[in-house]
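Here the structure is laid out as structure tokens; the discussion comes afterwards.
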There are 2 protein chains.
Amino acid sequence: MIAIGEASRLSGVSIETIRYYEREGIISTAGRTASGRRTYTDAEISELRFIKRSRDLGFSISDAVALRHLANAPSDACETVEQLGRKHLFNVQAKLAELQQLESALAELVANCTKGLSDCPMLDALRAR
Amino acid sequence: MIAIGEASRLSGVSIETIRYYEREGIISTAGRTASGRRTYTDAEISELRFIKRSRDLGFSISDAVALRHLANAPSDACETVEQLGRKHLFNVQAKLAELQQLESALAELVANCTKGLSDCPMLDALRAR
DNA sequence: TATGCATCCTGTAGCCACTACAGAAGCAAG
DNA sequence: CTTGCTTCTGTAGTGGCTACAGGATGCATA
């Protein structure tokens, strides 16, 4: 019988988060012992791991849930999965581009710091133009 | 006399956010007309712009506030500013690396979709190993 | 003067996905 | 029986906004 602590260790999802997932209906409701402690089956551990992997790939909770449903669907789910994946990849690439721009802007500002072009080039940049 | 709507247009900060900033003590308290509407001076618009630029560079609100204080400090603030900048740049670079990893993992998964190596390679990857 | 529309006000609740308690109860080993 | 670990429920907090509801004010036009 798997308790929540071991479920957490096995899935990589924290105890608090597992309880949160259950509360929010993101995963199925765990069984209980006579004294009220949650128990988990292997299938439920897989469920947790599936959500965890999806989250680690940056999918939102609702996407993760959708993917899980698709994983249990009869078939022809693959196309829908691919669409979800492409949409997410697109968003990730957009965020990546944004972050790269930010990085170079910031790197330039920091590099100017040591050059002593003015009193403080970084503050100058932040001040009004 | 600058009203909040124009302050918003001039600074690029939304009206709701300006009010939020005031409520939280992030910017100084705006003056009021007889009927209770907020009024802004040029200095306050600059203040908003400063916060906006800092936020656009990804600094946290508390960093932005710290930078603003440093901008008004007598001098030798530049070193502290540089430290803050470097710390932030470091975090941004870490996040960037993480996102790049995520992007390639996701891109690979999506690329496999069309190859039809299995029923659905993406779902396979999300399922337990 | 009346009307209508834009702008503004306060206060509260919601977003995302957790995370962090407090206070109580259960369980296993020595 | 005690000690210490685990688990329980319930609630509140995080960051940084954003989105209302319901009302007041300001200004231009008919």
For this session: May I ask whether B/Phe50 and B/Ile45 are part of the same hydrophobic cluster, defined by side-chain heavy atoms of I, L, V, M, F, W, Y residues being less than 4.5 angstrom apart, directly or through others?
Result: no
Exercise. Taking everything shown except B/Glu79 itself, do over 12 heavy atoms lie less than 6.0 Å from its CD?
Worked result: no
For this session: Could you check how far CD1 of B/Ile51 sits from P of D/dG15, rounded to whole Å?
Result: 15 Å
Exercise. With nearest nucleotides of DNA chain D determined for B/Arg37 and B/Phe59 from heavy-atom distances, which residue corresponds to the more 5′ nucleotide?
Worked result: B/Phe59
For this session: Send over the distance from B/Ile4 CD1 to D/dG26 P, rounded to a whole Å.
Result: 15 Å
Exercise. For the pair made of CD1 in B/Ile61 and P in D/dT14, what is the distance, rounded to whole Å?
Worked result: 14 Å
Problem set entry | Length of the line joining A/Ile18:CD1 and C/dA20:C1', which is rounded to integer Å | 16 Å
For this session: Rounded off to whole Å, could you give me the CD1-to-P distance for the B/Ile26 and D/dG15 pair?
Result: 10 Å
Problem set entry | Nucleotide D/dT7, atom P - distance to CD of A/Glu16 in whole Å | 11 Å
For this session: Could you go through the side chain to side chain contact (heavy atoms under 4.5 Å, CB included) check for A/Ser8 and A/Ile18 one step at a time?
Result: CA-CA 7 Å; A/Ser8 170; A/Ile18 294 175; 4.0 Å; yes
For this session: Respond yes when some side-chain nitrogen or oxygen of B/Thr17 is under 4.0 Å from OP1 or OP2 of D/dG16, and no when none is.
Result: no
Problem set entry | Phosphate-side-chain proximity, B/Arg23 and D/dC17, N/O vs OP1/OP2 below 4.0 Å | no
Problem set entry | Rounded distance (Å) that lies between atom C1' of D/dT9 and atom CD of A/Glu24 | 15 Å
Problem set entry | Side-chain N or O of B/Ser35 closer than 4.0 Å to phosphate OP1/OP2 of C/dC9 | no
Exercise. Does D/dT9 have OP1 or OP2 sitting under 4.0 Å from an N or O in the side chain of A/Arg38?
Worked result: yes
Exercise. Are A/Ser60 and C/dC16 close enough that a side-chain N or O sits under 4.0 Å from OP1 or OP2?
Worked result: no
For this session: Applying side-chain contact (heavy atoms from CB on, under 4.5 Å) between A/Leu126 and each of B/Lys52, B/Arg49, B/Arg53, report the one that passes.
Result: B/Arg53
Seminar exercise, completed: From CG of A/Asp63 across to P of C/dA17 the rounded distance in Å is 9 Å
For this session: Look at the side-chain heavy atoms of Ile, Leu, Val, Met, Phe, Trp and Tyr, link any pair under 4.5 Å apart, and say whether A/Val92 and A/Leu102 land in one connected group.
Result: yes
Exercise. Does OP1 or OP2 of D/dC17 have a side-chain N or O of B/Tyr21 closer than 4.0 Å?
Worked result: yes
Exercise. Does the D/dT9 base have a donor-acceptor partner in the side chain of A/Arg19 within less than 3.5 Å?
Worked result: no
